[in-house]
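Sequence lines set the chain letters: A, B, ... in the order given, protein chains first and strands last, and positions in each chain run from 1. The analysis underlying the following values was restricted to heavy atoms, covering all of them including side chains, and did not include hydrogens, waters or symmetry mates.
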Protein chains: 4
Amino acid sequence: MARKPPTKPRKNASQARSRATVDALVEATARILVREGFEKAGTNRIAEVAGVSVGSLYQYFPSKEALVAAVIDRHNREIMALVRAALTEVADMPIETAVRRLVTVAIEAHRIDPKLHRVLAEQIPRTGQLADVEAFNREVHTLVRAYLESRRREMRKIDPALATFICVSAIEAIAHNTVLNQAEMLSDKMVRTLVDEATRMVVGYLR
Amino acid sequence: MARKPPTKPRKNASQARSRATVDALVEATARILVREGFEKAGTNRIAEVAGVSVGSLYQYFPSKEALVAAVIDRHNREIMALVRAALTEVADMPIETAVRRLVTVAIEAHRIDPKLHRVLAEQIPRTGQLADVEAFNREVHTLVRAYLESRRREMRKIDPALATFICVSAIEAIAHNTVLNQAEMLSDKMVRTLVDEATRMVVGYLR
Amino acid sequence: MARKPPTKPRKNASQARSRATVDALVEATARILVREGFEKAGTNRIAEVAGVSVGSLYQYFPSKEALVAAVIDRHNREIMALVRAALTEVADMPIETAVRRLVTVAIEAHRIDPKLHRVLAEQIPRTGQLADVEAFNREVHTLVRAYLESRRREMRKIDPALATFICVSAIEAIAHNTVLNQAEMLSDKMVRTLVDEATRMVVGYLR
Amino acid sequence: MARKPPTKPRKNASQARSRATVDALVEATARILVREGFEKAGTNRIAEVAGVSVGSLYQYFPSKEALVAAVIDRHNREIMALVRAALTEVADMPIETAVRRLVTVAIEAHRIDPKLHRVLAEQIPRTGQLADVEAFNREVHTLVRAYLESRRREMRKIDPALATFICVSAIEAIAHNTVLNQAEMLSDKMVRTLVDEATRMVVGYLR
DNA sequence: TATGAATGAGCATTCATTCAT
DNA sequence: AATGAATGAATGCTCATTCAT
């Protein structure tokens, strides 16, 4: 197997100054990725947009890949924060409420930065971040599955892992396609309808 | 907007010789994409594997992107053939049968060449082929929608476009995740269970 | 141990055109090495001086090191040609004649291109060519030793390998220092005197 | 001609603290040169190994070259100390004894730190220290020549400068090749034999 | 038509050196 | 004096594309 370049941040960036530089670099990378595409995201360009020198970039990130990885990581954390909050919130609520909330959160997650989401989805294999993204997926599955298990009595007899797989796949895809394909022209009414429908499908399936 | 390189084959490849060369190039591209990844798919490498010179490559394809586009196109045609056949076959059958067939065909489509499917999914944005892929998606939607409309009386009252969007998204995602994530260790039994579950969810939703 | 970059020419350069390009590159490298020093011998610069593009450079040489290696190789071949010719010539002659010839040839060898000789001597460790240079040294030792063994009866009792080591070291050093340190102001008379003295020392030692 | 960077230590290092820092830097440079090679001897690395900051490095040395120059200088001083001591010791002794002592000292000098010796030999041209090295050579020549002149009556009629050049070249080369090529596997017996032979050659030549 | 040598803009990365703190 | 974050020119190398043969 080919040796992959390192993708972990080089230093802990404990000092405020360093932290600012690191943030500027990650932010610049995300912006370029969104506005100009992956091809344009060269290290010199990134440094320029971040307002630092290439040298500084390499002081904090060992490679271009590490930078993209950091963007992915940041994005995943934002999404996970939403998902965790939603699931905590609905922990004691009935399935219908919970599923509706989950569908809503899935759409919200995609709406944080739809273009970034798309570019990252494409670039993940390049960055060796598949592992991290899978960890992310696993966490979502674990959380959802835990909820479903706690609500077993509202549901028909069904393997929780399987149910989780089916439901998460469906919800994620509907959110993804809704946000990425319908693009800008996405009225609140349409969103509400889609949430209703997706919820109906999933709840119908679980009961 | 930046000028994109052309992505259409240069000539009609009417002669048999040309046709063979074009096929060899597309095939070589697909193989390298699958076996060595996008990074290794350089034009020189592709020409070499195809057994022709780079010069010949550019005689038939105006750019590297055009080559990848041709691979995408070929793959999409194969999938569409399956989908069309399936829908033709189930045109007069009840929803349950039809949905089961559709789910099955979605998994079969992903199984034609899972690795290629994944690589292409990642590379599509790079090739400017989004348009073609959307045409592909549109066709699937149109066909499914036509079927659903013809079966309206088996279904609850629901906007056919909306139902199509929901169902196709869910089915596609389940097939995609099933094949790409569960990778090789995918027993026939598991596939059957997944088909059952997906069918149940979709049919339950439509009725 | 760290992986060294490759240092073998990339293709056989059988065609005349290729051959010319390869020669131009090697020649350009040697010139820059001599005239501007190792630091200036960048790949872009070398290509420029050779009148080709960097791309062509990398078509024939896999790395900068390979180029320097080729220069070393060429230089070593030139020297070996002199040495072999000299030893063939004196094969049947008495020690005094042979040693004088060898000393002369050593100085001639250094005079082929004294500056290049010096730069290469310095760069050899960088190029991973130590192996080749040692092969070169071994050949010299083998040839000299063979001669000495064939002349054993003119010599005192002495281990041939040891005698070869002592004599070759001494002759090489005198030639080296003569040419490189005394630089330009090296009259024919001085050279003759040095040849006389070195010959005297070595012959005296062997008898 | 290109402007060379300065190579003299920046301050007199009169204070004890400064002296310690300077020593640490020179020592660190030597260690890295020996253990990791010239390529790894970056200023940041040197400072790190010396336990100071890059900033401090530049407080005492105006350039990387100056550091290497200091290492060369230190090494040369060590060698000169040996050579001077040896020549003082043999000042009143017969040629045979003196030459044997000189040969021995030459080998000892190379054995102080063979790897450092080799690296420095390679790096000298880069540092602009040729002048200093030549001064070193001149001193050796002067000392040896003075000895030879004082022993004229034991020798045949011969130009002392010429004799010095020949003898020093031969001795140095034999010591150099002995230590650097035969590497580790250099038994005491072999060394003794080589000293005997070299002495025989040089003494035979001078008488 | 086919070939493959040649092109050169462009990219990731390094490292000696500076300077604000 | 000391620090080490920041700098940015410079370098080795790749690869899509062209064009003389």
* Stem regions touching DNA chain E, defined by at least 3 consecutive Watson-Crick or wobble G-U pairs below 3.5 angstrom ->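 So the stems come out as E:2-21 with F:2-21.
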
Taking only residues two or more places apart in sequence, or in another chain, which ones meet [X] in a side-chain contact (heavy atoms from CB on, under 4.5 Å)?
{"X": "V49(B)", "answer": "A28(B), I32(B), R45(B)"}
{"X": "V34(A)", "answer": "D113(A), K115(A), L116(A)"}
{"X": "V133(C)", "answer": "I72(C), N76(C), I124(C), N137(C)"}
{"X": "S56(D)", "answer": "V52(D), S53(D)"}

Under 4.0 Å between a side-chain N or O of [X] and OP1 or OP2 of [N]?
{"X": "Y60(A)", "N": "dA5(F)", "answer": "no"}
{"X": "S53(B)", "N": "dG4(E)", "answer": "no"}
{"X": "Q59(D)", "N": "dA2(F)", "answer": "yes"}

* To do: State which residues pass side-chain hydrogen bond (donor to acceptor under 3.5 Å, both in side chains) with H117(A); sequence neighbours excluded, sorted by chain then number.
  =>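 For H117(A) the side-chain hydrogen bond (donor to acceptor under 3.5 Å, both in side chains) partners, ignoring immediate neighbours, are H75(A), H110(A).
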
* side-chain hydrogen bond (donor to acceptor under 3.5 Å, both in side chains) against N44(C), all qualifying residues, sequence neighbours excluded ->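 With sequence neighbours excluded, N44(C) shows a side-chain hydrogen bond (donor to acceptor under 3.5 Å, both in side chains) to no residue whatsoever.
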
* Asked: With sequence neighbours excluded, what pairs up with R35(C) under the salt bridge (Lys or Arg N to Asp or Glu O under 4.0 Å) test?
  ->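 Listed in chain order: nothing, the list is empty.
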
Taking N or O atoms only and anything under 3.5 Å, show me the protein contacts with nucleotides 10-12 of chain E, one pair per line.
from	atom 1	to	atom 2	distance (Å)
dA12(E)	OP1	K64(A)	NZ	3.0
dA12(E)	OP2	T43(A)	N	2.8
dA12(E)	OP2	T43(A)	OG1	3.4

